[in-house]
Amino acid sequence: MTTLSASRPATISVRDALRAEPGRRVSIHGWVRTRRDSKADGGLSFLAVHDGSCFDPIQAVLRASLPNYEQEVLHLTAGCSVEITGELVASQGKGQSVEVNVDPAPEKGGAIRVLGFVDDPDTYPVAQKRHTFEYLREIAHLRPRTNTFGAVARVRHTLAMAVHRFFHERGFFWIHTPIITASDCEGAGQMFRVSTLDAVNMPRTKDGQPDYAQDFFGRQAHLTVSGQLNVETYACALSKVYTFGPTFRAENSNTSRHLAEFWMIEPEIAFCDLAGDADLAEAFVKYLFKAVLEERPDDMAFFNERIDTTVIKTLEFLIETPFERMTYTDAVSTLEKCGEAFEYPVKWGVDLQSEHERCLTERIVKKPVILMNYPKDIKAFYMRLNDDGRTVAAMDVLAPKIGEIIGGSQREERLDVLDRRLDEMKLSKADYWWYRDLRRYGTVPHAGFGLGFERLIQFATGMANIRDVIPFPRTPGNAEF
RNA sequence: UCCCCGAUAGCUCAAUGGUAGAGCGAGCGGCUGUUAACCGCUAGGUUCUAGGUUCGAGUCCUAGUCGGGGAGCCA
């Protein structure tokens with residue numbers, strides 16, 4: 001990092017300072033969390049300063065002999081930005097092992113410079129008190145300064161890095177599938193239109209419809225709802241690939257588990273069947289949760305204390321427990337026999353409700369379950385038809401408490417079967433011409449799955465609302481910031 | 001999209017149809033190697049918007065806006 005002044009020691013992050021050996025002169029840049037004053041030792045102020053590099057702030061002990069003590073230090077409030085130079089020392093107080101002693105004596109050379117005060121501390125939106133998440137959502141530009149949102153941001157980063165590391169270590173290539181898609185055939189929900197046509201003076205065809213031939217791409221275009229079909233093309237050339245990027249759904253669903261813009265991870269593996277897909281999914285989830293526990297113990301301890309007191313136990317259980325594998329058909333008959341009274345009755349052919357999934361994972365099997373081979377009529381056209389003719393090679397990973405965390409399938413690699421499925425679902429073969437080409441030219445068995453990144457973060461942190469695990473949530477009626 | 005709940009000080013919330021309050025935060029002072037600090041004082045309000053009922057509306061009625069919970073759909 002560039003130093004702002006030649007006479008100061010190099011800037012050190014709060015994270016590194018908290019781990020460093022006492023005795024060293026350091027400079028810290030950060031923001032004030034709290035200030036406490038004392039008349040002891042001729043006058044002291046204690047500043048908690050954070051810079052986001054780790055969960056904990058560092059304590060700076062400011063001496064009243066500082067030239068700007070009366071004028072500036074005694075007016076520091078939450079949110080002020082400061083540059084602190086001093087000596088790392090073992091703390092005399094409880095609650096921290098090291099602190100920065102800021103003593104202006106010539107042999108100490110301590111100093112504090114205020115880079116920015118807070119206008120009108122009375123109305124500073126991130127006052128030093130508890131705030132509701134609903135309120136903090138309205139100040140999404142300031143909420144990363146809080147404990148919770150700082151911790152979420154670090155965990156989100158850690159998980160993203162772990163995703164790439166997991167695949168990289170296993171020889172997967174990261175494929176950047178397009179954000180804008182002109183194919184209207186991804187079939188995973190309502191799409192956002194991408195257009196440069198003048199909405200007021202819309203060019204029309206003879207029959208009065210908007211004339212998309214005059215649009216930017218010469219045809220209708222949308223934001224992607226899934227990179228899967230595109231990434232399959234790379235799996236059928238590079239064998240092991242994945243996408244990890246933003247996706248968009250224009251569904252008018254307003255829940256704590258849905259966003260209009262979210263990030264999705266979709267691996268795709270050639271020469272792989274459903275069992276191999278399930279094995280990969282299990283290893284993947286375990287790797288990610290292990291990474292976050294190992295790399296962010298400070299943030300996880302916070303989530304476990306303040307957000308969800310079972311979150312660490314839940315993650316540890318997921319990591320060490322082999323997942324149960326069960327067919328959809330067996331799951332349905334098990335649920336039918338379990339004697340539980342469901343709001344929605346279970347029977348073969350219907351999709352499982354969340355109450356069914358919870359009963360299965362929490363009361364019957366008591367561990368994560370990978371359900372396989374669902375009825376073809378409740379699943380997508382590209383899933384491989386099983387020999388029984390009525391189920392497809394699909395799998396969902398279900399976990400106790402958290403429900404579905406992954407959905408995947410072996411893809412239909414046989415052109416004639418794929419075409420029959422397209423016909424059955426009244427989809428146009430012409431629209432899928434390039435997808436069908438993969439089956440015409442050297443087709444191979446392949447499989448993959450999808451995992452919603454924000455839901456993963458919810459599971460890992462215990463955060464209840466998905467709007468609080470993405471920096472700037474987009475939901476129906478809200479694209480502020 | 002459907003059902004339910006809510007909107008009052010910077011924030012979290014009180015207030016029988018009759019003078020709008022508290023806690024936290026903030027400011028000032030006191031005390032203390034402090035750390036969810038503590039003690040005292042002070043300031044802070046177009047009660048979401050627009051109509052309506054009433055002698056009188058934060059409170060009741062209508063519509064709207066925004067937020068939350070649940071459902072559906074899914075990731």
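The figures here come from the full heavy-atom set of this structure, side chains too, leaving out hydrogens, waters and symmetry mates.
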Under 3.5 Å, is there an N or O donor on one side and an acceptor on the other linking the side chain of Arg63(A) and the base of G33(B)?
yes

Options G33(B), G72(B), G10(B), nucleotide nearest the side-chain atoms of Asp122(A):
G10(B)

Work out how far the C1' atom of U49(B) is from that of G58(B), and round it to whole angstrom.
15 Å

Which part of the nucleic acid, if any, lies within reach of Ser45(A) when heavy atoms closer than 4.0 Å are counted: base, sugar-phosphate only, or nothing?
nothing

Closest listed nucleotide, where the reference is the side chain of Arg467(A) and the choices are U12(B), C28(B), G69(B):
G69(B)

Regarding Gln96(A), tell me which of base, sugar-phosphate or nothing describes its non-hydrogen contacts under 4.0 Å with the strands shown.
base

Nearest whole angstrom, please: distance from the P of C3(B) to the CG of Asn254(A).
15 Å

In this structure, how many angstroms lie between the C1' atom of A71(B) and the CD atom of Glu357(A), rounded?
15 Å

Assign each of Val61(A) and His131(A) to its nearest nucleotide of RNA chain B by heavy atoms, then name whichever residue's nucleotide is nearer the 5' end.
His131(A)

Once you apply a heavy-atom cut-off of 4.0 Å, does Tyr135(A) come out as touching a base, just sugar-phosphate, or nothing?
sugar-phosphate

Please state the C1' separation for the pair G67(B) and G25(B) - nearest whole angstrom.
22 Å

What about Glu251(A), does its side chain sit under 3.5 Å from the base of U1(B) through a donor-acceptor pair?
no

Nearest to the side chain of Asn465(A), heavy atoms from C-beta on, is which of G68(B), G70(B), C74(B)?
G68(B)

The ring-ring contact (aromatic ring centres under 6.0 Å, His included) partner of His164(A) among Phe244(A), Phe453(A), Tyr287(A) is Phe244(A)

Determine whether a donor-acceptor pair (N or O, by modelled atom type, separation under 3.5 Å) exists between the side chain of Arg25(A) and the backbone of Gly110(A).
no

For Asp119(A) and G27(B), give me the distance from atom CG to atom C1', rounded to whole Å.
16 Å

Whole-angstrom distance between U12(B) and G69(B), as gauged at atom P:
15 Å

Write down the distance separating the C1' atoms in A57(B) and U16(B), rounded off to the nearest Å.
14 Å

Which nucleotide, G72(B), C11(B), A26(B), lies nearest any side-chain atom of Gln353(A)?
G72(B)

Value in whole Å for how far the C1' atom of G68(B) lies from CE of Met463(A)
15 Å

For Gly93(A), which contact category applies under a 4.0 Å heavy-atom criterion: base, sugar-phosphate, or nothing?
base

If you check the Lys39(A) side chain, which of G10(B), U32(B), U34(B) turns out closest?
U32(B)

Whole-Å gap separating P (C73(B)) and CG (Leu352(A))
12 Å

Are Lys286(A) and Phe323(A) in a cation-pi contact, defined as NZ or CZ under 6.0 Å from the six-membered ring centre and within 45° of the axis?
yes

Rounded to whole Å, please give me the gap between CG in Leu44(A) and C1' in G33(B).
6 Å

By the definition side chain to side chain contact (heavy atoms under 4.5 Å, CB included), identify the one residue from Arg257(A), Gln458(A), Arg137(A) that meets it with Asn465(A).
Arg137(A)

Say you pick atom P in C13(B) and the same atom in C28(B); how far apart are they, in whole Å?
29 Å

Would you call the rings of Phe248(A) and Phe192(A) parallel, tilted or perpendicular, where under 30° means parallel and over 60° means perpendicular?
perpendicular

Under 4.0 Å, counting only non-hydrogen atoms across every strand here, what does Gln59(A) touch: a base, just sugar-phosphate, or nothing?
base

Nearest to the side chain of Lys129(A), which nucleotide is it out of G67(B), U1(B), G10(B)?
G10(B)

Approximate separation, where rounding is to 0.5 Å, of Ile179(A) CD1 and Leu223(A) CG
8.0 Å

When you match Glu138(A) and Asp120(A) each to their closest nucleotide on RNA chain B, which lands nearer the 5' end?
Asp120(A)

Can you tell me which nucleotide in A37(B), G30(B), G33(B) comes closest to the side chain of Phe46(A)?
G33(B)

Using the C1' atom in both, what is the distance from C41(B) to G6(B), to the nearest Å?
35 Å

May I ask you to verify if any side-chain N or O of His258(A) is less than 4.0 angstrom from the OP1 or OP2 atom of G70(B)?
no

When you compare C31(B) with G21(B), how far apart are their C1' atoms, in angstrom units rounded to a whole number?
29 Å

What's the closest nucleotide to the side chain of Pro121(A) if the choices are U32(B), G33(B), G27(B)?
G27(B)

Counting only side-chain N and O atoms of Ser253(A), is one of them less than 4.0 Å from OP1 or OP2 of C74(B)?
no

Given the side-chain rings of Phe166(A) and Phe172(A), with only the six-membered ring counted for Trp, is the space between their centroids under 6.0 Å?
no

Proximal nucleotide (of C73(B), G69(B), G27(B)) relative to the Thr77(A) side chain:
G27(B)

C41(B) - base-pair partner by Watson-Crick or wobble geometry, distances under 3.5 Å
G27(B)

Taking OP1 and OP2 of A26(B), is either one under 4.0 Å from a side-chain nitrogen or oxygen of Gln128(A)?
yes

Taking a pair to mean Watson-Crick or G-U wobble geometry with both distances below 3.5 Å, A71(B) pairs with U1(B)

Which is true for Leu259(A) with a 4.0 Å heavy-atom rule: it touches a base, it touches only sugar-phosphate, or it touches nothing?
base

Nearest whole Å is fine: how far is C73(B) P from Asp396(A) CG?
13 Å

Quick check: Tyr242(A) with Phe284(A) (ring centres under 6.0 Å apart)?
no

Check the phosphate of G33(B) against Ser38(A), side-chain N and O only, distance under 4.0 Å to OP1 or OP2. Yes or no?
yes

Closest listed nucleotide, where the reference is the side chain of Arg137(A) and the choices are G25(B), U34(B), G68(B)
G68(B)

Which whole-number value in Å describes the distance from Leu136(A) CG to G10(B) C1'?
13 Å

If you count the non-hydrogen atoms of other residues, nucleotides and ligands that lie under 6.0 Å from NE2 in His176(A), is the total more than 12?
yes

Could you measure between the two P atoms, the one in G45(B) and the one in A9(B), and give it in whole Å?
10 Å

For C48(B), the Watson-Crick or wobble partner whose two distances fall under 3.5 Å
G64(B)

Do Glu134(A) side-chain and G69(B) base share a donor-acceptor contact under 3.5 Å?
no

